[in-house]
Visitor: 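This structure is in structure tokens; I'll ask about it shortly.
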Protein chains: 2
Amino acid sequence: MSTPQRRKPRTDAERNRDRVLEAARLLFAESGHDVPMSEVARAAGVGIGTLYRKFPTREALIEAIAERRAGDLAAAGHTFAGEEGQGLAGFLFHVGEVLAGDRGMSEVIEKAMGSAEPQGETRDALLAVIAELLDQARAQGVAGQDVTAEDVNMIICGLAAVIRNAAGDWRRYVAVALEGLRPR
Amino acid sequence: MSTPQRRKPRTDAERNRDRVLEAARLLFAESGHDVPMSEVARAAGVGIGTLYRKFPTREALIEAIAERRAGDLAAAGHTFAGEEGQGLAGFLFHVGEVLAGDRGMSEVIEKAMGSAEPQGETRDALLAVIAELLDQARAQGVAGQDVTAEDVNMIICGLAAVIRNAAGDWRRYVAVALEGLRPR
DNA sequence: CGGAATGAGGAATCCGGATTCCGTATCCGA
DNA sequence: TCGGATACGGAATCCGGATTCCTCATTCCG
């Protein structure tokens, strides 16, 4: 039947895939997603052809990277939920820290937290953590009962924009937002 | 000496300029700034050459439009300052209303409120109104004494992003932000 | 009205990144 | 080690928008 049990991928192929992923991660973090594909290939020490075989579109490459990083964020979120108070606060500051050091990620997050259609894991995983942190925050009385995950979403979306545009002190932004979520 | 007092511009030249400005305003509002220049020219019923003579770069065109609209926003801001309470709140909701109906403007505002370098009037005019509204808000006790214009800047920057990405209800975002600015 | 001067139009050209394609090199399993 | 399968490299090509430039039309002034 469908026994596509082909030979396992060549070792150099996997190595190249990793190289591309790593190089792209750095480039995107540094300059955002509008880096020429040829740049990525060169940085990875790989031919353009190879890059395209691994990732047929820029989107595919971005997703591959974003998914992992988003996963890390989500994991971090769970950690904060585990600690004592201010889990949500800790998480938001952490997100800011991460986005401040990764332009590409800030672009992804802004879109992901914005539109509700696309993304799969990237968005859902984060939504889950946010819900968790929010529940905890409400229970601890640091967030109003009427606050929704959607609210936090918007705050994060805005945070990404604030950081990407190098506005003022984003920590201040987070502080104001947290204050605004407090019970009345 | 420098008596460039040349003949005054032809009437049709001015008419075309207006057409371009108007067409561009609509297109940019509808689809943002990444509309092909040729599109703009076509929509304006003008040749590409003409468009380029009027506005040598896309930037020039965007600025010409943004400056006016920003001026309107600033004016509206002063109006809100004139009214009784909640001037700042009224202004922020107004800004949201405007940005929600003008993608191009949301892009401009996001950048303008972000970086502190470029823009001339666009940024400065708004900064002035914000300062005014903020003073009033502090006096009325709806904003903490420690709140700065920069804080409001970031909030607006985030607001633009939230709206542009069609996140949730941006009014909710504004409400949270305002709450966060309250005196402790 | 006549003829400079100014402006319009838009085809031709430039440009840079995206994507394809195929000969060559490398790897894997026997 | 051998031979086919798999992957690589990167030049060639595609593509679409930006920008130029020259000819022709319109406006203005005397």
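Side chains are part of it too, since the values below use all heavy atoms of this structure and drop only hydrogens, waters and symmetry mates.
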Visitor: For B:Met37 and A:Val46, take the nucleotide of DNA chain D holding the closest heavy atom to each; which residue's nucleotide lies nearer the 5' end?
Guide: A:Val46
Visitor: Name the closest nucleotide to the B:Ile48 side chain, picking from C:dG10, C:dT20, D:dA7.
Guide: C:dG10
Visitor: To the closest 0.5 Å, what do you measure between CD1 (B:Ile163) and CE (B:Met105)?
Guide: 12.5 Å
Visitor: Nearest of C:dA8, C:dA18, D:dT27 to any side-chain atom of A:Arg58?
Guide: C:dA18
Visitor: Hey, is the side chain of B:Thr50 poking within less than 4.0 Å of OP1 or OP2 on C:dG7, counting only N and O atoms?
Guide: no
Visitor: Nearest whole Å is fine: how far is C:dA8 P from B:Asp12 CG?
Guide: 6 Å
Visitor: Ignoring backbone atoms, establish whether A:Asn16 has a side-chain N or O less than 4.0 Å from OP1 or OP2 of D:dA7.
Guide: no
Visitor: Judged by each residue's nearest nucleotide on DNA chain D, which is more toward the 5′ side, A:Glu14 or B:Thr57?
Guide: A:Glu14
Visitor: Of all the nucleotides listed (D:dT20, C:dC27, D:dT27), which has the minimum atom distance to the side chain of B:Tyr52?
Guide: D:dT20
Visitor: Using whole Å, report how far CG of B:Asp34 lies from C1' of D:dA18.
Guide: 14 Å
Visitor: Atom CG of A:Leu27 to atom P of C:dG17: distance rounded to whole Å?
Guide: 14 Å
Visitor: Could you state the CD-P distance from A:Glu39 to C:dG16, rounded to the nearest angstrom?
Guide: 13 Å
Visitor: Distance check needed: C:dT19 P versus A:Phe55 CZ, whole Å only.
Guide: 15 Å
Visitor: Report the distance from atom CZ of A:Arg42 to atom P of D:dG9, rounded to the nearest whole Å.
Guide: 14 Å
Visitor: Return no unless some side-chain N or O of B:Lys54 is found under 4.0 Å from OP1 or OP2 of C:dG7.
Guide: no
Visitor: Heavy atoms from C-beta onward define the side chain here; which of D:dA7, D:dT27, C:dG9 lies closest to that of B:Arg53?
Guide: C:dG9
Visitor: Please find the pair of heavy atoms, one from A:Phe80 and one from A:Gln136, that lie closest to each other, and give the distance.
Guide: O-NE2, 4.3 Å
Visitor: Where the side chain of B:Pro36 is concerned, which of D:dC8, D:dA18, C:dC27 is the nearest nucleotide?
Guide: D:dA18
Visitor: Taking 4.0 angstrom as the limit, do A:Glu22 and A:Arg25 come out as a salt bridge?
Guide: yes
Visitor: For a 4.5 angstrom cut-off between non-hydrogen side-chain atoms, does B:Glu179 reach B:Val176?
Guide: no
Visitor: For atom CD of A:Glu30, is the number of surrounding heavy atoms from other residues, nucleotides or ligands below 6.0 Å larger than 12?
Guide: no
Visitor: Without decimals, in angstroms, what is the distance between A:Asp18 CG and D:dC8 P?
Guide: 12 Å
Visitor: Does D:dT27 have OP1 or OP2 under 4.0 Å away from a side-chain N or O of B:Thr11?
Guide: no
Visitor: Could you state the atom-to-atom distance from CG of B:Leu51 to P of D:dC21 in whole Å?
Guide: 17 Å
